[in-house]
Amino acid sequence: EAGVTQFPSHSVIEKGQTVTLRCDPISGHDNLYWYRRVMGKEIKFLLHFVKESKQDESGMPNNRFLAERTGGTYSTLKVQPAELEDSGVYFCASSQLRGFSDRREKLFFGSGTQLSVL
Amino acid sequence: GENVEQHPSTLSVQEGDSAVIKCTYSDSASNYFPWYKQELGKRPQLIIDIRSNVGEKKDQRIAVTLNKTAKHFSLHITETQPEDSAVYFCAALPGGSARQLTFGSGTQLTVLP
């Protein structure tokens, strides 16, 4: 099966510019997550969609970040305007079920978008 | 909220030796502990997980142990091979309504031939 795909794989922008990251989850996966890893640190949760609804956006750093998932399929994460501290790897992940109580449940990650803000 | 500490940040071992990565967590209600492996340029992938009703789980050369009392869990890789070289992340799923995985900061494992 096709995995979680993210685009672009790398993005280099200047401070103040806008960048939009895209994530295509595995087909049929209602749950879509965004995470970020700043260099050398932990993978930090940003937000969680169930279909098109934001289930939990407690990890979003500030209002410069906007995530959407129109139609409950792919998702976009826009950073506007970008700041230096936004640099890092942005991961998207998807899962069919939620809660991890089901032993068959797994979180599938994309390869990430390396964002560099100069 | 949950806080996961992971050590060491880097680990080098000779091929054939064992490697151990340790994580501690803060939320005593956490009940699910997965480990992810990220090879260079690739996506993180689940390699093994353990739930709080089990103390140890093994899958071929990898094993995970959980000590609920001490709130720590460890990944053990035996007979390491060069293809084990990667960044390994531990994670914990806290109890309560805010059930999102909390990850550790990662361990860069290098297996020297």
Side-chain angles (χ1 to χ4, degrees), chain A residues 1-10 23-26 29 31-50 54-60 67 88-114, chain B residues 1-11 21 23-27 29-54 57 59 64 66 86-108:
Chain A
E1 64 180 7
V4 178
T5 56
Q6 291 187 246
F7 182 83
S9 57
H10 294 82
C23 169
D24 286 75
I26 292 173
H29 281 196
N31 295 277
L32 187 150
Y33 302 82
W34 283 98
Y35 291 90
R36 175 173 73 175
R37 188 184 189 214
V38 172
M39 193 191 315
K41 299 200 173 180
E42 72 273 24
I43 299 174
K44 248 185 159 178
F45 166 79
L46 297 179
L47 95 159
H48 169 213
F49 283 99
V50 176
K54 290 176 186 174
Q55 186 74 19
D56 181 351
E57 52 185 331
S58 61
M60 294 288 262
V89 179
Y90 288 77
F91 289 106
C92 176
S94 73
S95 66
Q96 185 174 17
L97 300 175
R98 186 170 182 243
F100 304 98
S101 59
D102 190 313
R103 292 181 181 279
R104 298 165 297 172
E105 189 46 40
K106 286 185 180 181
L107 194 63
F108 294 87
F109 277 87
S111 299
T113 294
Q114 173 74 59
Chain B
E2 174 68 282
N3 183 47
V4 176
E5 300 278 346
Q6 182 171 350
H7 299 281
S9 57
T10 61
L11 178 61
I21 303 170
C23 290
T24 59
Y25 60 97
S26 59
D27 184 349
S30 289
N31 55 17
Y32 173 68
F33 307 91
W35 286 88
Y36 289 83
K37 173 185 179 183
Q38 186 183 17
E39 296 176 66
L40 189 62
K42 296 189 177 180
R43 66 195 67 205
Q45 289 195 304
L46 178 69
I47 55 171
I48 195 167
D49 58 12
I50 192 167
R51 298 177 191 275
S52 58
N53 57 347
V54 175
K57 183 176 178 180
D59 183 3
V64 57
L66 171 65
V87 178
Y88 291 80
F89 294 95
C90 63
L93 184 69
S97 58
R99 290 172 61 79
Q100 306 296 349
L101 283 176
T102 300
F103 286 84
S105 53
T107 296
Q108 172 68 63

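Everything quoted here is computed from the prediction, not taken from an experiment. Throughout, a chain's letter reflects where its sequence line sits, starting with A, and its residues are numbered from 1.
- For the residue pair B:Arg43 and A:Ser111, the shortest heavy atom distance occurs at NH2-OG, 3.4 Å.
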- Would you please test A:Tyr35 and B:Leu101 for side chain to side chain contact (heavy atoms under 4.5 Å, CB included) and show each step? CA-CA 10 Å; A:Tyr35 291 90; B:Leu101 283 176; 4.1 Å; yes
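- A search for side-chain contact (heavy atoms from CB on, under 4.5 Å) contacts involving B:Ala86 returns B:Lys37, B:Glu39, B:Tyr88, not counting sequence neighbours.
- With a threshold of 4.5 angstrom between heavy atoms, B:Gln6 does not approach chain A through any atom at all.
- The side-chain contact (heavy atoms from CB on, under 4.5 Å) check on B:Thr24 picks up B:Glu5, B:His72, with sequence neighbours excluded.
- In this structure, A:Arg37 contributes its side chain and B:Gly106 its backbone to no donor-acceptor pair below 3.5 Å.
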- Task: I would like to know whether A:Leu107 and B:Tyr36 meet side chain to side chain contact (heavy atoms under 4.5 Å, CB included); could you show each step before the answer?
- Result: CA-CA 10 Å; A:Leu107 194 63; B:Tyr36 289 83; 3.3 Å; yes
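- Highest contact tally toward chain B, considering only A:Gln114, A:Glu42, A:Lys44, is held by A:Glu42 [criterion: heavy-atom pairs under 4.5 Å].
- Within a 6.0 Å sphere centred on NZ of B:Lys42, heavy atoms belonging to other residues, nucleotides or ligands number 12 at most.
- When all heavy atoms are compared, the tightest approach of B:Gln38 to A:Phe91 is NE2-CZ, 3.5 Å.
- Across all non-hydrogen atoms, the minimal contact from B:Pro44 to A:Gly110 is CD-O, 3.8 Å.
- Across all non-hydrogen atoms, the minimal contact from A:Asp56 to B:Gln100 is OD2-NE2, 3.3 Å.
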